[in-house]
There are 2 protein chains.
Amino acid sequence: MKKLRNTEQRKIILEELKKVNTHPTADEVYEMVKKRLPRISIGTVYRNLELLSKCGLIQKLELGCSQMRFDWNTNNHYHIRCIRCGKVEDVPVETMSRFEKILEGKSDYEIIGHRLEFIGLCPKCKKELKDLKEEKQKEFRKEECSGLQEKINRRFR
Amino acid sequence: MKKLRNTEQRKIILEELKKVNTHPTADEVYEMVKKRLPRISIGTVYRNLELLSKCGLIQKLELGCSQMRFDWNTNNHYHIRCIRCGKVEDVPVETMSRFEKILEGKSDYEIIGHRLEFIGLCPKCKKELKDLKEEKQKEFRKEECSGLQEKINRRFR
DNA sequence: TTGCATGCAAAGTTTTTGCATGCAG
DNA sequence: CTGCATGCAAAAACTTTGCATGCAA
């Protein structure tokens, strides 16, 4: 590993990240930083987010979506993710370090930590879904898939 | 949504997935299926994994890595991931549905579920790391980053 | 002065999609 | 037949990397 220098880009990336609670993706960080440093490149943003998280100055959130998200809050805390719009928010619950103990003697792994993520519907999506007569949709989907399900069950047992 | 047909490709993708406990990525599924259907395309694999998981026949694991992984076991269960090699295994611990209740009244979200993932070192990586004099590495890294950390702390408070 | 950091662009990786054709129902 | 599914290839989305140059220490 190499020594980290204190560049303008690095400083501003960190500053912008500390301004928000939205756990932005790399691209979102890029957009925020670009307002202050119009010539910054996306590569620099990726490189710095990677380095800063390696040094423990920020946290790389490897959440249940294909994109990485970054969090200036390096305290261990939990998140809740909206299954519909992908928004990620902090959850006001204390972390439970004793979780790791659950696995003692049950696994050959050396447990380092755990990640607990809640999945749900944010208020906005909750409302929008209601308007979509979600009940009807669900029934519809179930009906369509059940044919295949039965066939496959028959085949596989 | 459209009706699902029972094609050879779809059937074999499911069969191959049921053979393994390795929570393969889409590409790994593709490699497995290709042995039996050499002409199958990666697009078909993606489309089917997506459809099968939408129907609840398999589970899409959105774990802490950039690639999706798929699991034939649709029961709710926890996983442990090796932070070094990325391997994912099941964890012999019962799921705790009461977790969702923790958030009651503390969040505006409608909680649908939770995902608990343990992070650790698999036995193989544990051994390999020992040989790398990990202790020395850790000290080294800490020293290198502390300079920046201090500077930034001073600047930001 | 030294060598890490940057901007830029190209390339890599993973996933999605358009389209003509195939095939299950 | 009908229209969902497939193979193929191109494109999209996200991330990494090579290189010449810039700049912090």
Side-chain angles (χ1 to χ4, degrees), chain A residues 1-14 23-31 33-34 36-55 57 60-70 86 140-141 143-148 150-152 155, chain B residues 1-14 23-31 33-34 36-55 57 60-70 86 140-141 143-148 150-152 155:
Chain A
M1 241 207 174
K2 305 163 186 174
K3 294 218 178 200
L4 287 193
R5 283 182 186 167
N6 202 13
T7 64
E8 194 70 6
Q9 287 86 342
R10 185 162 295 154
K11 197 191 75 179
I12 289 185
I13 286 170
L14 201 48
H23 317 82
T25 61
D27 200 63
E28 286 163 355
V29 173
Y30 174 60
E31 289 302 328
V33 171
K34 209 161 58 173
R36 296 174 60 186
L37 295 175
R39 293 182 49 77
I40 198 171
S41 81
I42 183 74
T44 298
V45 173
Y46 272 105
R47 272 185 290 233
N48 275 300
L49 290 173
E50 185 63 33
L51 282 174
L52 290 170
S53 73
K54 278 228 173 77
C55 288
L57 288 172
K60 194 174 181 176
L61 302 179
E62 304 182 307
L63 296 174
C65 45
S66 49
Q67 276 181 81
M68 295 292 165
R69 288 174 176 275
F70 297 87
F140 194 50
R141 184 174 308 169
E143 192 187 340
E144 282 169 334
C145 295
S146 61
L148 179 64
E150 279 161 26
K151 272 172 205 150
I152 287 165
R155 243 174 235 245
Chain B
M1 241 206 173
K2 306 161 184 175
K3 293 219 180 202
L4 286 193
R5 284 182 184 168
N6 203 12
T7 64
E8 194 69 4
Q9 288 87 339
R10 185 163 295 154
K11 198 191 75 181
I12 290 186
I13 286 170
L14 201 49
H23 318 82
T25 61
D27 199 63
E28 285 163 354
V29 172
Y30 174 59
E31 290 302 327
V33 172
K34 209 162 56 172
R36 295 175 60 186
L37 294 175
R39 292 183 49 77
I40 199 172
S41 81
I42 184 73
T44 299
V45 172
Y46 272 105
R47 272 185 290 232
N48 275 300
L49 290 173
E50 186 62 35
L51 281 174
L52 290 170
S53 73
K54 278 231 173 76
C55 287
L57 288 172
K60 194 174 181 176
L61 302 179
E62 304 181 308
L63 297 174
C65 45
S66 49
Q67 277 180 76
M68 295 293 166
R69 288 174 176 276
F70 297 87
F140 193 51
R141 182 176 307 168
E143 193 187 338
E144 282 168 331
C145 294
S146 61
L148 179 64
E150 279 161 26
K151 270 172 209 149
I152 287 162
R155 244 173 234 245

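Letters A, B, ... mirror the listed sequences (proteins, then strands); counts begin at 1.
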Next on the checklist: If you compare every side-chain N and O of T7(A) against the phosphate oxygens of dT6(C) (OP1, OP2), does one of them come in below 4.0 Å?
Outcome noted: yes
Next on the checklist: Output the pairing pattern of DNA chain D as a dot-bracket string, 5' first, Watson-Crick or G-U wobble with both distances under 3.5 Å, | for cross-strand pairs, [ ] for crossing pairs.
Outcome noted: |||||||||||||||||||||||||
When rounded to the nearest 0.5 angstrom, what is the spacing between [atom1] in [X] and [atom2] in [Y]?
{"X": "L49(B)", "Y": "K54(B)", "atom1": "CG", "atom2": "NZ", "answer": "12.0 Å"}
{"X": "Q9(A)", "Y": "R47(A)", "atom1": "CD", "atom2": "CZ", "answer": "10.5 Å"}
{"X": "I13(A)", "Y": "R36(A)", "atom1": "CD1", "atom2": "CZ", "answer": "11.0 Å"}

Checklist outcome for this item: Among the nucleotides dC23(C), dA25(D), dC4(C), whichever has the atom closest to the side chain of R5(B) is dC23(C)
Checklist entry - Where the side chain of Y46(A) is concerned, which of dT15(C), dT16(D), dA25(D) is the nearest nucleotide? => result dT16(D)
Could you state the [atom1]-[atom2] distance from [X] to [N], rounded to the nearest angstrom?
{"X": "D27(B)", "N": "dT15(C)", "atom1": "CG", "atom2": "P", "result": "8 Å"}
{"X": "E8(B)", "N": "dA24(C)", "atom1": "CD", "atom2": "P", "result": "8 Å"}
{"X": "I13(B)", "N": "dT6(D)", "atom1": "CD1", "atom2": "C1'", "result": "11 Å"}
{"X": "E28(B)", "N": "dT13(C)", "atom1": "CD", "atom2": "C1'", "result": "14 Å"}
{"X": "L4(A)", "N": "dG3(C)", "atom1": "CG", "atom2": "P", "result": "17 Å"}
{"X": "L49(B)", "N": "dT14(C)", "atom1": "CG", "atom2": "C1'", "result": "13 Å"}
{"X": "K11(A)", "N": "dT6(C)", "atom1": "NZ", "atom2": "P", "result": "13 Å"}
{"X": "N48(A)", "N": "dT17(D)", "atom1": "CG", "atom2": "C1'", "result": "15 Å"}

Item to check | Side chain to side chain, R10(A) and T7(A), heavy atoms closer than 4.5 Å | outcome: yes
Item to check | Candidate list I12(B), N48(B), V45(B), test side-chain contact (heavy atoms from CB on, under 4.5 Å), partner I40(B), passing option | outcome: V45(B)
Checklist entry - Are any of the side-chain nitrogens in E31(A) or K34(A) under 4.0 Å away from the carboxylate oxygens of its partner? => result yes
Checklist entry - Which nucleotides of nucleotides 7-12 of chain D have their base under 4.0 Å from a protein heavy atom (B), which only their sugar-phosphate (S), and which neither (-), written as one string 5' to 3'? => result BB----
Checklist entry - Who passes side chain to side chain contact (heavy atoms under 4.5 Å, CB included) against S41(A), sequence neighbours left out? => result T44(A)
Checklist entry - Which residues satisfy the side chain to side chain contact (heavy atoms under 4.5 Å, CB included) test with I42(B), sequence neighbours excluded? => result D27(B), Y30(B), Y46(B)
Next on the checklist: Determine whether a donor-acceptor pair (N or O, by modelled atom type, separation under 3.5 Å) exists between the side chain of E28(A) and the backbone of T25(A).
Outcome noted: yes
